[in-house]
Protein chains: 2
Amino acid sequence: MTLQAQPELTKNQSLVFSALNRADGPLTAYAILDELRAEGFRAPLQVYRALERLQAYGLVHRLESLNAFVACSHPQCAHQESAAFAICEKCGQVAEFSPGRATDALKAWATQTGFALTNTTIELRGMCRLCSGAPAPCA
Amino acid sequence: MTLQAQPELTKNQSLVFSALNRADGPLTAYAILDELRAEGFRAPLQVYRALERLQAYGLVHRLESLNAFVACSHPQCAHQESAAFAICEKCGQVAEFSPGRATDALKAWATQTGFALTNTTIELRGMCRLCSGAPAPCA
DNA sequence: CCGCCAGACGTTATCTTATTACGTTATAGG
DNA sequence: CCTATAACGTAATAAGATAACGTCTGGCGG
Ligand SMILES: [Zn+2]
Ligand SMILES: [Zn+2]
Ligand SMILES: [Zn+2]
Ligand SMILES: [Zn+2]
């Protein structure tokens, strides 16, 4: 994770960050690009460059299993602890949580094995409470 | 995961599976394709179709953070338990292990939250024992 | 003030990864 | 034999990510 200090965001970084915050779920880089064409974005690299910084600042997470990005749910805590995500396959909602005990278990494995752990990806797939409780898509 | 019963493999499935077993690390779909051009493979879809089945049979895993695939390290056990992977960023080796306690913790979170969990992705990044112990790349 | 550097930016082209669409072949059941 | 199903072959295209280049800015030493 190795979080970087966070200077003030540049214009492009702010635009990308606010696009992610407006969205009610994860966005792909190209979806962000389309969101921001009105603001003058023209090329994927503008999005990827901003995302790279935002991730380094801990404001944005990448969902590996979706090739998509979400704004951090609790940026204030800068959650040094690795984050985990529960992705609803019905409605697309993503819940971010802190997998304290799971991370501890993985760290223990790493220590035992001699693996120098720098980063952990945890992504859960399934259905959120609302979607699994009712047949209709959740609000 | 929902593992499927495993009938005998088709020719293409066998070829893809053996390519993954020959490799000493994960392969991308296109790397597999190149491996198998000599055997008559011509198009990505031949690889993706075989991978799809092999994953369903539990013989192959996809590494989400690499967009790559590995043969299962212990296919005999059909590890209903979700697998976890430790990826060395120096030498590229991948170690598969059973994250029992971590999975338990994630299941507990899901139960508490009302999330109907079907699948868990756990991928660790860092350096393997050999690479972090010695400056030279590990054997 | 001037020259220089580093960081952000813009643009194009290209590369990698994955899927859609459609037609063919092999095979098992009735 | 007829037909349904699964696997296969091929071409085209979509989706995701990066390389390579040049420009523009603001800060700083001289
Ligand atoms: Zn977060
Ligand atoms: Zn849902
Ligand atoms: Zn396995
Ligand atoms: Zn290594």
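The basis for the numbers below is simple: all heavy atoms, side chains too, and nothing from hydrogens, waters or symmetry mates.
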Undergrad: Rounded to the Å, how far apart are A/Leu15 CG and C/dA8 P?
TA: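 Spelled out: CG on A/Leu15 to P on C/dA8 is 16 Å.
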Undergrad: Atom CZ of A/Arg37 and atom P of C/dG10: how far apart are they, to the nearest Å?
TA: 13 Å
Undergrad: Reckon B/Thr10 has a side-chain N or O less than 4.0 Å from the OP1 or OP2 of D/dC8?
TA: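 It does, given that an N or O in the side chain of B/Thr10 lies less than 4.0 Å from OP1 or OP2 of D/dC8.
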Undergrad: Checking the side chain of B/Gln13 only, and the main-chain atoms of B/Ala50 only, is there a donor and an acceptor separated by less than 3.5 Å?
TA: no
Undergrad: Rounded to the Å, how far apart are B/Glu52 CD and C/dT19 P?
TA: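 Roughly 8 Å, once rounded to whole Å.
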Undergrad: Does any donor-acceptor pair link the side chain of B/Tyr30 with the base of C/dA18 at a separation under 3.5 Å?
TA: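 Indeed, a donor on one side and an acceptor on the other fall under 3.5 Å apart.
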Undergrad: Please check the phosphate of D/dG9 (OP1 and OP2 only) for any side-chain N or O of B/Gln46 closer than 4.0 Å.
TA: yes
Undergrad: Using the closest heavy atom to pick a nucleotide of DNA chain D for each, name whichever of B/Ala50 or A/Ala68 lands nearer the 5' end.
TA: B/Ala50
Undergrad: Could you give the CG-to-P distance, from B/Leu33 to C/dT19, as a whole number of Å?
TA: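 Taking atom P of C/dT19 as the reference, CG of B/Leu33 is at 15 Å.
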Undergrad: If you assign each of B/Phe69 and A/Leu45 to its closest nucleotide in DNA chain C, which residue comes earlier from the 5' end?
TA: A/Leu45
Undergrad: Rounded to the nearest Å, what distance is computed from the CG atom of residue A/Leu51 to the P atom of nucleotide D/dT18?
TA: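 It works out to 11 Å between those atoms.
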Undergrad: Would you say a side-chain N or O of B/Asn67 is under 4.0 Å from OP1 or OP2 of D/dA17?
TA: no
Undergrad: Give the rounded distance in Å between these two atoms: CG of B/Asn12 and P of C/dA26.
TA: 14 Å
Undergrad: If you define the side chain from C-beta out and look only at heavy atoms, does anything of B/Thr121 sit under 4.5 Å from A/Ile122?
TA: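 Contact flag for B/Thr121/A/Ile122 side chains = no.
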Undergrad: Taking the ring centre of each residue, are B/Phe69 and B/His61 less than 6.0 Å apart?
TA: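 So the answer is no for these two rings.
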Undergrad: What is the distance, rounded to the nearest whole Å, between atom OH of A/Tyr48 and atom C1' of C/dT11?
TA: 16 Å
Undergrad: May I ask you to say what A/Arg49 touches in the nucleic acid, namely base, sugar-phosphate or nothing, with a heavy-atom cut-off under 4.0 Å?
TA: base
Undergrad: From CG of B/Asp34 over to C1' of C/dC15, roughly how many Å is that when rounded to an integer?
TA: 13 Å
Undergrad: On DNA chain C, compare the nucleotides closest to B/Thr28 and A/Arg42; which residue's is nearer the 5' end?
TA: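 First, find each residue's nearest nucleotide; the 5'-ward one identifies A/Arg42.
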Undergrad: So do A/Leu124 and A/Ile87 actually touch side chain to side chain, heavy atoms under 4.5 Å?
TA: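 Side chain of A/Ile87 against side chain of A/Leu124, heavy atoms only: no contact under 4.5 Å found.
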Undergrad: Is any side-chain N of the basic residue among A/Glu35 and A/Arg22 closer than 4.0 Å to the acidic one's carboxylate O?
TA: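 Salt bridge: yes.
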Undergrad: Please tell me if B/Arg53 has a side-chain N or O lying less than 4.0 Å from either OP1 or OP2 of D/dC8.
TA: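 Answer no for this pair, as no side-chain N or O of B/Arg53 is under 4.0 Å from OP1 or OP2.
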